[in-house]
Protein chains: 2
Amino acid sequence: MQDVARLAGVSVSTVSYVLTGVRPVSDTTRQRVQAAMDTLGYQRNALARGLASRRSHILALLFPAIERGLSGTALEFVTSAAETARRHGYHLVLWPTGADDEAETRDLVRQRLVDGVVVMEVKLHDPRVVELQRGDTPFTLIGRTADPAGLPYADIDFDATVRDALDHLTGLGHRHIGLLSHSRGSLQAGYGPTVRVLAAFEREARQRGLLTAIRHCDETADAGRAAVAELFAERPDLTALVTLNDNATFGAVAQIVDGGRRIPGDVSVLSVVSSPQVGALSHPRLTTMAAPGARLGRLGVESLLARIEGPPAVAATGASTLHELIPCRLDVGATTGPAPTTS
Amino acid sequence: MQDVARLAGVSVSTVSYVLTGVRPVSDTTRQRVQAAMDTLGYQRNALARGLASRRSHILALLFPAIERGLSGTALEFVTSAAETARRHGYHLVLWPTGADDEAETRDLVRQRLVDGVVVMEVKLHDPRVVELQRGDTPFTLIGRTADPAGLPYADIDFDATVRDALDHLTGLGHRHIGLLSHSRGSLQAGYGPTVRVLAAFEREARQRGLLTAIRHCDETADAGRAAVAELFAERPDLTALVTLNDNATFGAVAQIVDGGRRIPGDVSVLSVVSSPQVGALSHPRLTTMAAPGARLGRLGVESLLARIEGPPAVAATGASTLHELIPCRLDVGATTGPAPTTS
DNA sequence: TTGTATGCGTTATCAG
DNA sequence: CTGATAACGCATACAA
């Protein structure tokens, strides 16, 4: 910066001010400074800037390492978050949290390296969120805790998603509908999608008077096969299956076919919180409801930036706190069709 | 840090020295300082530390945004890289590079925010690499340029992978083998996997006197179907297919079956640079060769750290420059079997 | 073995 | 509209 100042014949503070723009600078000097910066290829030192301004322009993305192997939509989310951050002049650091989520979260914010935190894969009772609430670092959740009233979050609208899914199926005449969900472990761990889809499914099915059967299973095709076998053993009259588990879905489809049932002639399959790309891997192409990964990534980062850069009042009062619920979008493939006439 | 020093009854520099360990501190004072840090929950300010020491403890991960939609192994790679960095006390910032790779790379290193750069999805002639060579920021490549002699890289050993793939197939008696690759565009863009697998396949096939047919296609199941149809139109006597394109592979399998051929009775399918997890989505389960995503992530970061923290001689001479090639690992599924006897 | 003092490259306050 | 200059929080050379 000194070099730039010298070359432009001004003081360092003037250079700083043309960069920050917080105080008026005459056009002529501004141009001289700009020219000097261009010829020198000058870029502000990010560390010094952060130290002096108490703003690092770095955000952290907290995500649980390894568990459930992070799906494809997770990658879409991460990419979208990184791009959004960058578009606003911010960096995004990836912060895998392991077993001891709480301590790791605390250490992260105390380093004062990041201006804000985006928390992925939030659980109903998430120690990371508890820890963040204690500190003064702004954060937003992707997903929600059990009681997210005062917290800014963006999440999938599981209620609407399940409603839309059942609308699609009942519209085709189905009345006996199964649910193939994530593992029972994820349910007990308070993993949002598992818990909320289950609750919504049970509620909606009751309201509509549907007959249902529910199975939880691990994230593998083999587990999906086994679960579906049990499902049809329990309720052979199922004509449709809603799945919440990409890997298991493929096993489920195979098992249904192997069991002598035709898709969608005898059984319809609808994979929710998935994506058309994944659906296209199946043959026939799966009917899916796409998780809004990219949209959540963008929303999460933008609302976080609003809290960081907005007037202090916003951060303090929590006014305009983001509460965004986005449903999955239905993409009708070839695995859902009219219910068989039971005549 | 002042608070810690006051509480421990020492000077700030002493606190700093117990943290850095670059000069001996008596056991008693060290313990007093430790105790003070514990009770205060002290963590060093990352920005100040970086500014003073000229070391940010931050690495950048350069990856091309959106193109090819980043596969599942890419996520495995990113996660592994982030975890490795963290285990060594480093942060990893995600840096999506768009159209203007070169300028973005230059701006990044000039900010002096990062101590080193990991470059993903390196192309044969990669402007990002050219730019990095001009600067003095250490970097490692995941993938390689056309002439990577002096550059540190970790990459898939495509030669060995293709060799192992053909060994597996010829061992089963196959002599007529097709290749379903990435898009022609990726070939022209100099995308490493596309270029190197193609070269290895042609060379190995010639050496073994195999009859081949080759198709490039986009990363969709539909494109895979179309390409396979052409493949068999051109050479109906194919008994095996090597695929380098996860999405297209699923279309390929469907097309083969629809075409009245049985897998693996009539045609064997082997998906390379893939993963058993993806293979398990297919029914019957695909024989795959797994890309070493996690291993590459770890290697890339660790070799970068060696250059950053190692003696200056290492960085200067390029001694012990990483040149690591890792083959994909064969996982035999149910889509490869003995070649049909042509009697 | 420990303390003092300077500098890292900006931002921001205080003058002019 | 512009220029000095004191923080920012730590690392490190220099003293003791």
Side-chain angles (χ1 to χ4, degrees), chain A residues 1-34 36-37 40-58 89-91 107 109-115 136-137 308-309 312, chain B residues 1-34 36-37 40-58 89 91 107 109-115 136-137 308-309:
Chain A
M1 204 165 193
Q2 292 209 17
D3 295 342
V4 174
R6 196 176 311 127
L7 184 58
V10 298
S11 71
V12 286
S13 61
T14 297
V15 176
S16 177
Y17 284 118
V18 342
L19 254 355
T20 63
V22 300
R23 110 178 166 184
V25 176
S26 77
D27 263 8
T28 58
T29 62
R30 183 203 315 289
Q31 281 162 14
R32 286 224 311 284
V33 171
Q34 283 289 4
M37 294 197 300
L40 294 180
Y42 171 78
Q43 287 273 119
R44 272 185 290 192
N45 180 301
L47 261 29
R49 171 152 90 118
L51 181 59
S53 66
R54 289 113 183 291
R55 191 130 292 172
S56 66
H57 290 263
I58 300 177
Y90 279 73
H91 301 261
D107 290 353
V109 300
R110 291 213 176 144
Q111 290 190 50
R112 301 235 151 255
L113 199 243
V114 300
D115 293 338
D136 57 355
T137 304
I308 291 173
E309 301 187 331
Chain B
M1 203 166 194
Q2 292 210 18
D3 295 343
V4 174
R6 197 176 310 126
L7 183 59
V10 297
S11 71
V12 284
S13 65
T14 296
V15 176
S16 177
Y17 284 119
V18 341
L19 253 354
T20 64
V22 299
R23 111 178 166 184
V25 176
S26 78
D27 264 9
T28 57
T29 61
R30 183 203 315 289
Q31 281 162 14
R32 286 225 311 284
V33 171
Q34 283 290 3
M37 293 197 301
L40 294 179
Y42 171 76
Q43 287 275 119
R44 273 183 289 190
N45 180 302
L47 261 29
R49 174 153 89 116
L51 181 58
S53 66
R54 288 109 183 291
R55 191 131 291 172
S56 66
H57 290 261
I58 301 176
H91 300 260
D107 289 352
V109 301
R110 291 213 177 143
Q111 290 191 50
R112 301 238 149 252
L113 198 243
V114 301
D115 294 338
D136 57 355
T137 303
I308 291 172
E309 300 186 332

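The sequence lines fix the lettering, A, B, ..., with proteins before strands; numbering per chain opens at 1. These numbers come from a predicted model, not from an experiment.
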Q. Is A:Arg6 salt-bridged to A:Asp3, cutoff N-O under 4.0 Å?
A.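 Salt bridge flag = yes for A:Asp3 with A:Arg6.
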Rounded to the nearest angstrom, tell me the gap between atom [atom1] in [X] and atom [atom2] in [N].
{"X": "B:Met37", "N": "D:dG9", "atom1": "CE", "atom2": "P", "result": "18 Å"}
{"X": "A:Asp3", "N": "C:dC8", "atom1": "CG", "atom2": "P", "result": "12 Å"}
{"X": "A:His57", "N": "C:dT11", "atom1": "NE2", "atom2": "C1'", "result": "11 Å"}
{"X": "B:Arg32", "N": "C:dT1", "atom1": "CZ", "atom2": "P", "result": "15 Å"}
{"X": "B:Arg6", "N": "D:dG9", "atom1": "CZ", "atom2": "P", "result": "13 Å"}
{"X": "A:Met1", "N": "D:dA4", "atom1": "CE", "atom2": "C1'", "result": "14 Å"}
{"X": "A:Arg112", "N": "D:dC8", "atom1": "CZ", "atom2": "C1'", "result": "13 Å"}

(Q) Under a 3.5 Å distance rule, please check whether A:Arg110 uses its side chain to pair with a backbone N or O of B:Gly41 as donor and acceptor. (A)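 Answer holds: yes.
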Quick check: closest heavy atoms across [X] and [Y], and the distance to 0.1 Å?
{"X": "A:Leu47", "Y": "B:Ser56", "value": "CD2-CB, 3.8 Å"}
{"X": "A:Arg30", "Y": "A:Val25", "value": "NH2-O, 2.9 Å"}
{"X": "B:Leu19", "Y": "B:Tyr42", "value": "CD2-CE2, 4.0 Å"}

Quick one: label [X] by what it contacts on the DNA or RNA (base, sugar-phosphate, nothing), any heavy atom closer than 4.0 Å.
{"X": "A:Val10", "answer": "sugar-phosphate"}
{"X": "A:Thr14", "answer": "sugar-phosphate"}
{"X": "B:Ser26", "answer": "sugar-phosphate"}
{"X": "B:Val12", "answer": "nothing"}

Q | Side-chain donor-acceptor contact under 3.5 Å, A:Thr14 with A:Ser11 | A |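 Distance-only check passes for A:Thr14 and A:Ser11.
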**Q.** 5' precedence on DNA chain C between B:Tyr17 and A:Val15 (nearest-nucleotide basis)
**A.**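 Counting from the 5' end, the first nearest nucleotide belongs to B:Tyr17.
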Q: Using only side-chain N and O atoms of B:Ser13, determine if any of them is under 4.0 Å from OP1 or OP2 of D:dT12.
A: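 No.
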Q. Quick one: is D:dA11 close enough that its OP1 or OP2 comes under 4.0 Å of any side-chain N or O from B:Thr20?
A.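 B:Thr20 to D:dA11 OP1/OP2: no side-chain N or O under 4.0 Å.
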Q) Considering only C:dT2, D:dG9, C:dG9, which nucleotide approaches the side chain of A:Arg54 most closely? A)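 Comparing C:dT2, D:dG9, C:dG9 against the side chain of A:Arg54, the answer is D:dG9.
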Q) The side chain of B:Ser53 lies closest to which of these nucleotides: C:dG3, C:dA12, D:dA11? A)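 Among the listed nucleotides, the one closest to the side chain of B:Ser53 is D:dA11.
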Q) Would you say the base of C:dT2 and the side-chain of B:Arg23 have a donor-acceptor pair closer than 3.5 Å? A)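 Result: at least one qualifying N/O pair found.
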Q: Mind listing the residues from residues 42-52 of chain A sitting with a heavy atom below 4.0 Å of DNA chain D? Number order is fine.
A: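 Here the set is A:Leu51, A:Ala52.
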Q | Test side-chain hydrogen bond (donor to acceptor under 3.5 Å, both in side chains) applied to A:Arg54 - qualifying residues, sequence neighbours left out | A |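 With sequence neighbours excluded, A:Arg54 shows a side-chain hydrogen bond (donor to acceptor under 3.5 Å, both in side chains) to no residue whatsoever.
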